[in-house]
2 protein chains.
Amino acid sequence: MDGKPYIARRPKRADGRRNYDAILAAARKAFESAGADASLEDIASQAGVAIGTLYRHFPTRASLVEAATRDGLENLVAHAERLAAGPDPLDALVAWMREAVVHFSTFRGLVGILAQSMYDEGTPSHTMCSAMHRSGADLLRAAQAAGRVRHDLTPDELFDLLSGAAWVREQATPDRDGSSRFLELMLEGITTRD
Amino acid sequence: MDGKPYIARRPKRADGRRNYDAILAAARKAFESAGADASLEDIASQAGVAIGTLYRHFPTRASLVEAATRDGLENLVAHAERLAAGPDPLDALVAWMREAVVHFSTFRGLVGILAQSMYDEGTPSHTMCSAMHRSGADLLRAAQAAGRVRHDLTPDELFDLLSGAAWVREQATPDRDGSSRFLELMLEGITTRD
DNA sequence: TGACATCCTGAGGACGCCTCAGCTTAAATC
DNA sequence: GATTTAAGCTGAGGCGTCCTCAGGATGTCA
């Protein structure tokens, strides 16, 4: 829509870096406990910083979410590469999917943002999402090449399933978490018959 | 948490009924175009009514959503009964599931509210959700009794799958709606092997 | 035609978003 | 160390939304 997305960069000056880090730490904590729509003014004050400073470093909520979740997604991508080197392509895919669902539901509201970013280039998280998309697609292709997963499943469809599972996990209460069962059933629908 | 949920009732006085209906109509339109978090002040003004009047009839957003979606859920329950009378229990279940997913994603944010209401008694939509839960459970049981659906699938798990599908549909853009494929794959995971 | 319960109104406090003009300060240069 | 300057910080304030409540209006019933 309006050019390239804003990706927050660690600033140059010492005080800038300090505040940047403090805001990020506060944001992680706040998102975890209040979800992706946590109050930005709370986050700023938790970080010991004025609201304007928060906006200086993270001009949009999406850019803050992106910065707060970048590490996790990077890990996910890195892990995919390690898994791809393993012996069993299906095991690799399944292990990765489990991990992905957990990451996607780090806090309430994250899946929605990621799902949006996946196909919207004007979004801070789009870059990481694309990288992740590639990782998943590679693992999927390998499993399909080994004849372990149905060939008509596309990467987009895989991500729809993962997002759905993550969303269910997001909704889970302490006494009810249907996400692992969700994944199990999903795998039944995806893997080829013996 | 705090006693029984507030279910909006059609008021006694003529002006009250008029406003109640106008608000409901405006709310349906607003939810459809702006999602479940549409501005209540907008809805009131669209209905030609002061904000206080909206709150008089619908003291909470959840109660307004409940009233706006009651019909749809009632239909869903009624349809389940009709389907249950049909010859093929699996066909009945599948048809109902398709319909349920569509209803759950009537507007953005609805699935989340319904998923919440399903297991939280202190919620306006809980009553209808429970009725729907029973409907689905009946259809599921019948399909299982006929040996067409795996026996270890619980109603709760079925609703997790339906909610996941509905959520994916909610996220869909005009050019990308993965929900029908989602349902297809889901059915693969659920039905028994031939 | 009262009398009264029901209903309506909209100002106002609380909160969150986001901007911007003015001020402070780190750090590079001399 | 003094000077310069760009980077960074602040927080008041405008705006939108939520929700309440005191006071006023009106449908309804006898």
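When reading the values below, keep in mind they use all heavy atoms of this one structure, side chains included, and skip hydrogens, waters and symmetry mates. Below, read A as the first sequence line, B as the second, and so on, with proteins coming before strands; counting in each chain starts at 1.
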Is [X] touching bases, backbone alone, or none of the nucleic acid, heavy atoms closer than 4.0 Å?
X: Thr53(A); answer: base
X: Ile51(B); answer: base
X: Ala44(A); answer: nothing
X: Gly52(B); answer: base

Please report the distance, rounded to the nearest Å, between [atom1] in [X] and [atom2] in [N].
X: Leu64(A); N: dC17(C); atom1: CG; atom2: P; result: 11 Å
X: Arg10(B); N: dG27(D); atom1: CZ; atom2: C1'; result: 16 Å
X: Lys12(A); N: dA7(D); atom1: NZ; atom2: C1'; result: 10 Å
X: Glu41(B); N: dC19(D); atom1: CD; atom2: C1'; result: 9 Å
X: Arg17(B); N: dC7(C); atom1: CZ; atom2: C1'; result: 13 Å
X: Asp37(B); N: dC19(D); atom1: CG; atom2: P; result: 12 Å
X: Phe58(B); N: dT20(D); atom1: CZ; atom2: C1'; result: 18 Å
X: Arg56(B); N: dC19(D); atom1: CZ; atom2: C1'; result: 15 Å

Polar side chain donor-acceptor pair, [X] to [Y], under 3.5 angstrom:
X: Thr154(B); Y: Asp156(B); value: no
X: Arg169(A); Y: Ser179(A); value: no
X: His126(A); Y: Ser130(A); value: yes

Does dC18(D) have OP1 or OP2 under 4.0 Å away from a side-chain N or O of Ser39(B)?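 Result: yes.
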Can you find a side chain N or O atom of Arg13(A) that sits less than 4.0 Å from OP1 or OP2 on dT25(C)?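 No, outside the criterion.
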Hey, which of these two, Arg18(B) or Pro59(B), hits DNA chain D nearer its 5' end, going by closest nucleotide?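 Of the two residues, Pro59(B) wins.
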Among [options], find the nucleotide with the atom closest to the side chain of [X].
X: Leu40(B); options: dA26(C), dC17(C), dC18(D); value: dC18(D)
X: Pro11(A); options: dG8(D), dC17(C), dG27(D); value: dG8(D)
X: Ala14(B); options: dT20(D), dG27(D), dA27(C); value: dG27(D)

Validation row, ring centre Tyr20(A) to ring centre Phe58(A) under 6.0 Å: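 Yes, the ring centres sit under 6.0 Å apart.
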Quick check on DNA chain C: between Asp42(A) and Asp15(A), whose nearest nucleotide comes earlier from the 5' end?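 On the 5' side of the pair lies Asp42(A).
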Would you please classify the geometry between the Phe159(A) ring and the His133(A) ring as parallel, tilted or perpendicular, with 30° and 60° separating the classes?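 If you compare the ring of His133(A) with that of Phe159(A), the planes turn out parallel.
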